[in-house]
Amino acid sequence: MERHELMRLLAGDDEASKGALAALADGADYVVWEAGTRLSDSHAGTFAIRLRSVRRKGAENLGWERALELLRERAQPIRVGQIKAFDSSWIYTIFLTEDGGELVACAGVRQADG
């Protein structure tokens, strides 16, 4: 996926999307993996575990609760991606529709050493 396409998808008004968009504009590394066979609602369980870990560590996070809600609401294949801020201070996880044409959700976590 081209950077400008991903930036267009992240043009929402939630804090996680704004942060991810700013990171991309600042030259962040990113990857979007091909759609898998698992549906978004089954991915929610994996990311719920990740959220519990983030909370246990006391890491600052953006958008995880909302992302889990959105993933649970959709029973369709999704693509998952990651944006790592240029200074490594934040990592954003992005969830896209199978064709990559729409953002389902975005969540971020501040890295301990960032």
Side-chain angles (χ1 to χ4, degrees):
M1 173 172 277
E2 298 290 328
R3 182 177 298 269
H4 70 275
E5 294 174 282
L6 187 52
M7 291 177 77
R8 180 185 55 79
L9 296 175
L10 288 165
D13 61 355
D14 63 285
E15 292 302 313
S17 293
K18 286 179 184 178
L21 179 59
L24 278 175
D26 196 34
D29 288 331
Y30 72 97
V31 63
V32 177
W33 294 284
E34 291 300 315
T37 57
R38 290 178 58 200
L39 301 179
S40 58
D41 57 343
S42 62
H43 277 286
T46 301
F47 288 99
I49 292 167
R50 190 172 290 177
L51 175 59
R52 285 193 296 273
S53 175
V54 164
R55 286 180 173 159
R56 188 172 45 253
K57 293 175 183 176
E60 183 179 354
N61 69 88
L62 296 171
W64 277 100
E65 294 86 4
R66 182 66 181 141
L68 288 173
E69 288 174 23
L70 292 168
L71 290 174
R72 288 180 176 131
E73 289 174 3
R74 301 174 76 104
Q76 63 183 356
I78 59 169
R79 296 175 74 176
V80 179
Q82 189 175 73
I83 299 167
K84 184 176 182 181
F86 185 73
D87 65 359
S88 299
S89 59
W90 283 85
I91 292 182
Y92 298 92
T93 302
I94 53 173
F95 305 93
L96 306 171
T97 54
E98 183 177 21
D99 66 0
E102 181 183 340
L103 180 70
V104 175
C106 179
V109 64
R110 180 183 293 276
Q111 298 302 290
D113 58 355

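Every value quoted in this text rests on a predicted model; they were computed, and no experiment measured them.
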Is any NZ, NE, NH1 or NH2 atom of the basic residue among Arg66 and Glu69 found under 4.0 Å from an Asp or Glu carboxylate oxygen of the other?
yes

So, do Val109 and Leu62 sit near enough that their side-chain heavy atoms are less than 4.5 Å apart?
no

Got Trp90 and Glu60 here, is their nearest side-chain heavy-atom distance under 4.5 Å?
yes

Nearest non-hydrogen partners of Ala16 and Gly108, listed with the distance
CB-N, 4.3 Å

The reported gap from NZ in Lys84 to CD in Gln82 (rounded to nearest 0.5 angstrom) is 8.0 Å

Cluster question for you: counting only ILVMFWY and a side-chain heavy-atom cut-off of under 4.5 Å, with indirect links fine, are Tyr92 and Met1 together?
yes

So which heavy atom on Val80 is nearest to which on Phe95, and how close?
CG2-CD2, 4.0 Å

Hey, does the side chain of Arg3 reach the backbone of Leu24 with a donor-acceptor pair shorter than 3.5 angstrom?
yes

Without swapping roles, check the side chain of Arg79 against the backbone of Trp33 for a donor-acceptor pair under 3.5 Å.
yes

Between Trp64 and Arg50, is any pair of side-chain heavy atoms under 4.5 Å apart?
yes

Could you check whether any side-chain heavy atom of Leu103 comes within less than 4.5 Å of a side-chain heavy atom of Ser17, counting everything from C-beta outward?
yes

Looking at Glu102, is its backbone amide N or carbonyl O close enough to the side chain of Thr97 to form a donor-acceptor pair, meaning the two atoms are under 3.5 Å apart?
yes

What's the shortest heavy-atom distance between Val32 and Leu96, and which atoms?
CG1-CD1, 3.8 Å

Shortest non-hydrogen contact from Arg72 toward Ala48
NH2-CB, 3.7 Å

Using every non-hydrogen atom in the two residues, find where Ala105 and Leu70 come nearest and quote the distance to one decimal.
CB-CD1, 3.9 Å

Do Gln111 and Ile91 make a side-chain contact, defined as non-hydrogen atoms from C-beta onward lying under 4.5 Å apart?
yes

With side chain to side chain contact (heavy atoms under 4.5 Å, CB included) as the test, would you mind laying out the steps for Cys106 and Leu10 before giving the verdict?
CA-CA 8 Å; Cys106 179; Leu10 288 165; 4.2 Å; yes

What is the distance from atom CG of Leu68 to atom CD of Glu65, rounded to the nearest 0.5 Å?
7.5 Å

Determine whether Leu71 and Ile78 satisfy the following criterion, side chain to side chain contact (heavy atoms under 4.5 Å, CB included), listing intermediate values before the conclusion.
CA-CA 9 Å; Leu71 290 174; Ile78 59 169; 3.8 Å; yes

Between Glu2 and Arg8, is there a salt bridge with N-O shorter than 4.0 Å?
no

For the hydrophobic clusters of this structure (ILVMFWY residues joined by side-chain heavy atoms under 4.5 Å, transitively), does one cluster hold both Val104 and Val31?
yes

Please check: side-chain N/O of Tyr30 versus main-chain N/O of Ala23, any donor-acceptor pairing under 3.5 Å?
no

Contact between Ile83 and Asp29 at the side-chain level, heavy atoms closer than 4.5 Å - yes or no?
no

